[in-house]
Amino acid sequence: MSSTKQSVTVIGLGPMGQAMVGAFLDRGYDVTVWNRTASRADALVTRGAVLAPNVEEALASNELVILSLTDNDAMYATLEPAAAALAGRILVNLSSDTPEKARAAARWAAERGAVQLTGGVTVPPSGIGQAESSTFYSGPRQVFDQHRPALEVITGRTDHRGEDPGLAALMYQIGMVMFWTSMLSYWQAITLADANGLMAADILPHAVETANSLPGFFSFYAERIDAGRHIGDVDRLAMGMASVEHVLHTNADAGVDTTLPAAVVELFRRGMDAGHAADSFSTLVELMKTAEA
């Protein structure tokens with residue numbers, strides 16, 4: 001490594017990995033890359049990246065190694081054959097996976113002399129390198145602090161959540177719970193609109209207004225939920241039960257798929273059966289804390 005330029009290795013050149021390499025090159029980093037399909041590095045090499053001939057040399061080229069792989073199984077498949085080169089490496093594992101698998105991956109890395117920082121990037125490739133974008137990290141704080149300038153190249157905001165390597169993965173998956181479920185509800189609304197002769201563009205303003213109202217509800221209920229207060233002073237589960245059944249019937253009458261609204265009705269029905277008709281529908285949080293037998 002030169003005395004004037006910082007350096008990093010990026011393994012995995014899907015859209016996210018390519019965006020990360022581009023961001024590092026833009027900031028003047030020396031970047032070594034490796035990908036199973038070497039041709040994905042062509043444009044990056046033209047810009048100044050160095051394509052390592054194998055994983056061993058990619059790992060050996062730099063202390064800081066960014067992993068942008070599908071999941072931890074892909075990480076094992078990629079790095080295990082080069083395990084002898086892992087000693088002394090800092091693995092910034094940005095692969096999407098569960099908190100438990102992130103913890104297992106950290107142990108696996110430690111057994112081979114490496115240190116893992118788990119990361120959960122909250123933006124798509126288009127957000128990489130942007131000051132307003134953010135990534136959750138967890139793992140050794142000292143390692144995070146040491147390499148924070150490089151991590152801030154990936155996203156301008158970095159949020160270290162603690163030493164537990166699973167916490168960044170947890171925060172990432174919490175976001176995904178909300179994202180995928182919310183987007184499916186939007187698809188459901190578009191499907192219902194379409195069945196009634198409306199286009200997605202026709203309902204867009206209403207959909208956006210509805211989505212923008214949600215932060216107020218999040219804030220209002222968070223304090224009550226943390227306090228265990230599910231009193232039915234502003235809403236009651238029985239009222240919500242009637243509403244979600246109307247949603248289900250409206251979709252059924254339109255002849256569209258009812259998988260999602262039916263699942264919502266089932267949750268409300270379980271709350272009713274448990275005797276919470278007069279409580280707030282936030283009481284469903286308590287119901288959802290335990291898997292249904």
Side-chain angles (χ1 to χ4, degrees), residues 71 96-102 120 122-124 136 166-167 169-293:
D71 52 28
S96 173
D97 220 318
T98 70
E100 284 304 313
K101 288 189 175 182
T122 66
V123 294
F136 293 110
L167 291 177
L170 173 63
M171 294 301 293
Y172 175 80
Q173 295 301 345
I174 285 172
M176 289 299 96
V177 165
M178 298 186 65
F179 176 79
W180 292 121
T181 310
S182 298
M183 291 305 296
L184 278 177
S185 72
Y186 183 41
W187 298 166
Q188 187 77 46
I190 290 174
T191 302
L192 180 59
D194 177 78
N196 286 274
L198 300 176
M199 303 285 288
D202 294 326
I203 69 165
L204 180 58
H206 181 37
V208 170
E209 183 178 6
T210 301
N212 286 343
S213 73
L214 293 178
F217 289 99
F218 294 165
S219 298
F220 175 80
Y221 284 106
E223 183 177 354
R224 289 180 168 222
I225 288 170
D226 285 346
R229 295 178 63 241
H230 302 291
I231 58 174
D233 57 337
V234 296
D235 75 275
R236 290 185 295 113
L237 184 65
M239 295 167 53
M241 183 78 219
S243 177
V244 298
E245 285 186 326
H246 296 157
V247 171
L248 174 62
H249 296 155
T250 299
N251 281 271
D253 290 347
V256 301
D257 185 90
T258 59
T259 301
L260 184 60
V264 174
V265 166
E266 177 58 25
L267 274 172
F268 274 74
R269 183 170 291 118
R270 284 172 55 196
M272 294 286 288
D273 291 345
H276 296 292
D279 296 330
S280 167
F281 88 113
S282 64
T283 193
L284 294 181
V285 167
E286 307 302 331
L287 187 74
M288 296 166 71
K289 286 180 179 179
T290 304
E292 186 178 18

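- Residue pairs that meet the side chain to side chain donor-acceptor pair (under 3.5 Å) test with at least one member in residues 200-214, sequence neighbours left out, do not exist here.
- The side-chain heavy atoms of Val264 and Val247, taken from C-beta on, include no pair separated by under 4.5 Å.
- The side chain to side chain donor-acceptor pair (under 3.5 Å) analysis of residues 183-195, with sequence neighbours excluded, yields the pairs Gln188-Asn251.
- By the neighbour-count criterion of 12 heavy atoms within 6.0 Å, atom CE of Met288 is sparsely surrounded, having that number or fewer from other residues, nucleotides or ligands.
- Inter-residue side-chain proximity for Leu284 and His276 is flagged as unmet; no heavy-atom pair is nearer than 4.5 Å.
- From Leu192, atom CG reaches atom CG of Asp257 across 12.0 Å, with rounding to the nearest 0.5 Å.
- The two atoms that bring Arg236 and Ala278 nearest to each other are CG-O, 3.7 Å, heavy atoms only.
- Listed by first and then second residue, the ring pair (Phe, Tyr, Trp, His ring centres under 6.0 Å) pairs involving residues 230-256 amount to none (not counting sequence neighbours).
- When the side-chain hydrogen bond (donor to acceptor under 3.5 Å, both in side chains) test is applied to Ser219, no partner is found at least two apart in sequence or on another chain.
- The heavy-atom pair separating Ala102 from Ala169 by the smallest distance is CB-CB, 4.0 Å.
- Listed by chain and residue number, Asp235, Ser282 satisfy the side-chain hydrogen bond (donor to acceptor under 3.5 Å, both in side chains) test with Ser280 (two or more places apart in sequence, or in another chain).
- In this structure, Thr283 OG1 and Ile231 CD1 are separated by 12.0 Å, a value rounded to the nearest 0.5 Å.
- Within the 4.5 Å cutoff, no side-chain heavy atoms of Leu214 are placed close to those of Met178.
- Across all their heavy atoms, Arg270 and Leu287 have their closest contact at CB-CD2, 3.6 Å.
- Nearest heavy-atom pair across Tyr172 and Ser96 is CE2-OG, 3.4 Å.
- By the neighbour-count criterion of 12 heavy atoms within 6.0 Å, atom CE of Met183 is densely surrounded, having more than that number from other residues, nucleotides or ligands.
- A perpendicular orientation is assigned to the rings of Tyr221 and Phe281, their planes being inclined by more than 60° (bins at 30° and 60°).
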*Just do the side chain to side chain contact (heavy atoms under 4.5 Å, CB included) check on Asp279 and Glu286 with the steps written out, would you?*
CA-CA 12 Å; Asp279 296 330; Glu286 307 302 331; over 6 Å; no

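- Ion pair Glu245/Arg269 flagged as a salt bridge, since at least one NZ, NE, NH1 or NH2 atom sits closer than 4.0 Å to an Asp/Glu carboxylate oxygen.
- Side chain of Thr98 to backbone of Lys101: a donor-acceptor contact under 3.5 angstrom is found.
- Partners of Val123 under the side-chain contact (heavy atoms from CB on, under 4.5 Å) rule, at least two apart in sequence or in another chain, are Val121, Ile128, Ser133, Thr155.
- Two residues are said to be in side-chain contact when any heavy atoms from C-beta on lie closer than 4.5 Å; Ile190 and Met199 fail this criterion.
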